[in-house]
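Values reported hereafter were calculated over all heavy atoms of this structure, with side chains retained and with hydrogens, waters and symmetry mates removed. Index from 1, following the sequence.
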Amino acid sequence: MDRLPQPFRAVLLEPVLHIRSEAASHDLRGNRSPEARLQEAVGLSAAINLNIVHSGVVKVNSPKPATLFGEGKVAELAGIVASEEIDLVVVDHPLSPVQQRNLERRLKTKVIDRTGLILEIFGDRARTKEGRLQVDLAHLTWQKSRLVRSWTHLERQRGGAGFMGGPGETQIEADRRQIQDRIIALQKQLESVRRTRDLHRKKRKKIPQPVVALVGYTNAGKSTLFNRLTESDVFAKDLLFATLDPTLRKITLPHGREVILSDTVGFISDLPTHLVAAFRATLEEVLEADLILHVRDISHPDTDAQAEDVKKTLNDLGVDAQTGAPIIEVWNKIDCLDPAYRDKLLSDAGSEGPVALSALTGAGIDQLSTRIDAFIAQHDDVLSVRIPVEEGALLAKLYQMAEVLERTDAEDCVSAEVRVSDKQRGPFRDTFGAFIDKG
């Protein structure tokens, strides 16, 4: 799909599809209000600088297979498009290829649905080679389903033998084949990226640092929290999908332990499955994490619905409470709350449950660092070792492989109490097994 020129005058529609039963009528996307969904769609549009000239919620009691909306609404939209010189109509709902084509013909302007809008944002945000490959793959997978028959005059020569041969390959089939060839090529390139990531991951596994991954709904403040914890300057802005490419940094916890913190792409409701598949190489960082921090914008009115969307996406990736890494909820943006409620959240912070903080102001950051430290430490072994004084190289290796809690020097040996991480348990016992105090 061609990149949208800037600025674009756009109309944004939030369809509310109802199913009628004997008792009542029910919204098919009833996990949050239509107004909240519209507001989120406006935020998505702002992410690529669309100028929303007109927006509104549209009730659709009987979805039309050809255009989704009824004839009256389509005629009304055509009038708005003509009078306001609209360049783009955004429908915050999946459109079938036929519906998109028919709406474009009737409205005489470009029409995209929610998936198309998200793809435009992803294409605008991707910076690394891997990110661009993933966006291109998602684009082509989506485009392949968009091919609809618009003409038949571009057929190749008739196939088969003799005068009974039927039509050869049509233009739509040729387009589909070319897209499929490109998809296969991109998948091979992404497989190479995945292998490279695996190599990097294996190298990280050889060192003692655990991996802590940040996940959350888009614009929950993950990158701001990442910058606060790592003292970095990763791009962070009050914008949906401000971060697409994964970033990893090493941080030091209160007791001196080092961990690797990973920032990932934000999730969103109704995220198309092929987008999740395209970004799987990036999201594998979450699958390999030792601890997951689920960052929530606790000040958002739909924070509970957003949390459910994140959990659903994690489940799609194969991360759940039973099989995946442990998850700590982080309630961010408490600076946007009522002061009394904010103080209560901070005072209620304990060793269990969510951690309330503000990544922007720094309130509650120390409590989060302490929680991470305590979680990592609970899987450690605390051992006593006695190393002969002549084993200087071995003593130096002790400091590399473990955290020395206490040390006592004698004439013939050095006695030390050390904490060994879960990842280093095996290598440590292989190296120091003969010097561990069994008593």
Q) Are any side-chain N or O atoms of Gln100 and backbone N or O atoms of Val111, one a donor and one an acceptor, separated by less than 3.5 Å? A) yes
Q) Is the shortest side-chain N to carboxylate O distance from Asp263 to Lys222 below 4.0 Å? A) no
Q) Can a salt bridge be assigned to the pair Glu85 and Arg9 using a cut-off of 4.0 Å between side-chain N and carboxylate O? A) no
Q) Can you check side-chain contact (heavy atoms from CB on, under 4.5 Å) on Ile268 and Glu40, steps first, answer last? A) CA-CA 10 Å; Ile268 197 167; Glu40 179 179 272; 3.8 Å; yes
**Q.** Step-by-step side-chain hydrogen bond (donor to acceptor under 3.5 Å, both in side chains) determination, Thr67 to Asn102
**A.** CA-CA 6 Å; Thr67 56; Asn102 289 340; over 6 Å; no
Q: Evaluate side-chain contact (heavy atoms from CB on, under 4.5 Å) for Gln187 paired with Leu137, printing each intermediate quantity in order.
A: CA-CA 7 Å; Gln187 288 173 335; Leu137 177 60; 4.0 Å; yes
Q.
Checking Tyr217 against Glu308 for the side-chain hydrogen bond (donor to acceptor under 3.5 Å, both in side chains) test, could you report, in this order, the C-alpha distance in whole Å, the side-chain angles of both residues, the deciding distance, and whether it holds?
A. CA-CA 10 Å; Tyr217 206 80; Glu308 288 301 316; over 6 Å; no
**Q.** Salt-bridge contact Glu14-Arg114 (side-chain N to carboxylate O under 4.0 Å)
**A.** no
Q: Could you check if a side-chain atom of Val89 sits within less than 4.5 angstrom of a side-chain atom of Leu103, using non-hydrogen atoms only?
A: no
Q: Carefully, step by step, assess Glu76 and Lys73 under the rule salt bridge (charged side-chain N to carboxylate O under 4.0 Å, His left out).
A: CA-CA 5 Å; Glu76 178 187 342; Lys73 192 62 184 180; 3.4 Å; yes
Q) If we only count heavy atoms from C-beta on, is the Val16 to Val60 side-chain gap below 4.5 Å? A) no
Q | Minimum side-chain heavy-atom gap Leu225-Leu357 below 4.5 Å | A | yes
(Q) Quick check: do Pro15 and Leu68 have side-chain heavy atoms less than 4.5 Å from each other? (A) yes
Q. Given side chains that start at C-beta, do those of Asn51 and Val53 come closer than 4.5 Å, heavy atoms only?
A. yes
Q: Only counting residues at least two apart or in another chain, list the ones meeting side chain to side chain donor-acceptor pair (under 3.5 Å) with Arg296.
A: Thr303, Asp304, Glu329
Q: Check the pair Gln306 / Val310 against side-chain contact (heavy atoms from CB on, under 4.5 Å), numbers first and verdict last.
A: CA-CA 6 Å; Gln306 291 181 352; Val310 171; 5.7 Å; no
Q: Check whether any side-chain heavy atom of Leu88 lies under 4.5 Å from a side-chain heavy atom of Val11, and answer yes or no.
A: no
Q.
What I'd like to find out is whether the side chain of Leu38 reaches to under 4.5 Å of the side chain of Ser55, using heavy atoms alone.
A. yes
**Q.** Sequence-distant partners of Asp373, salt bridge (Lys or Arg N to Asp or Glu O under 4.0 Å), two or more places apart
**A.** Arg257
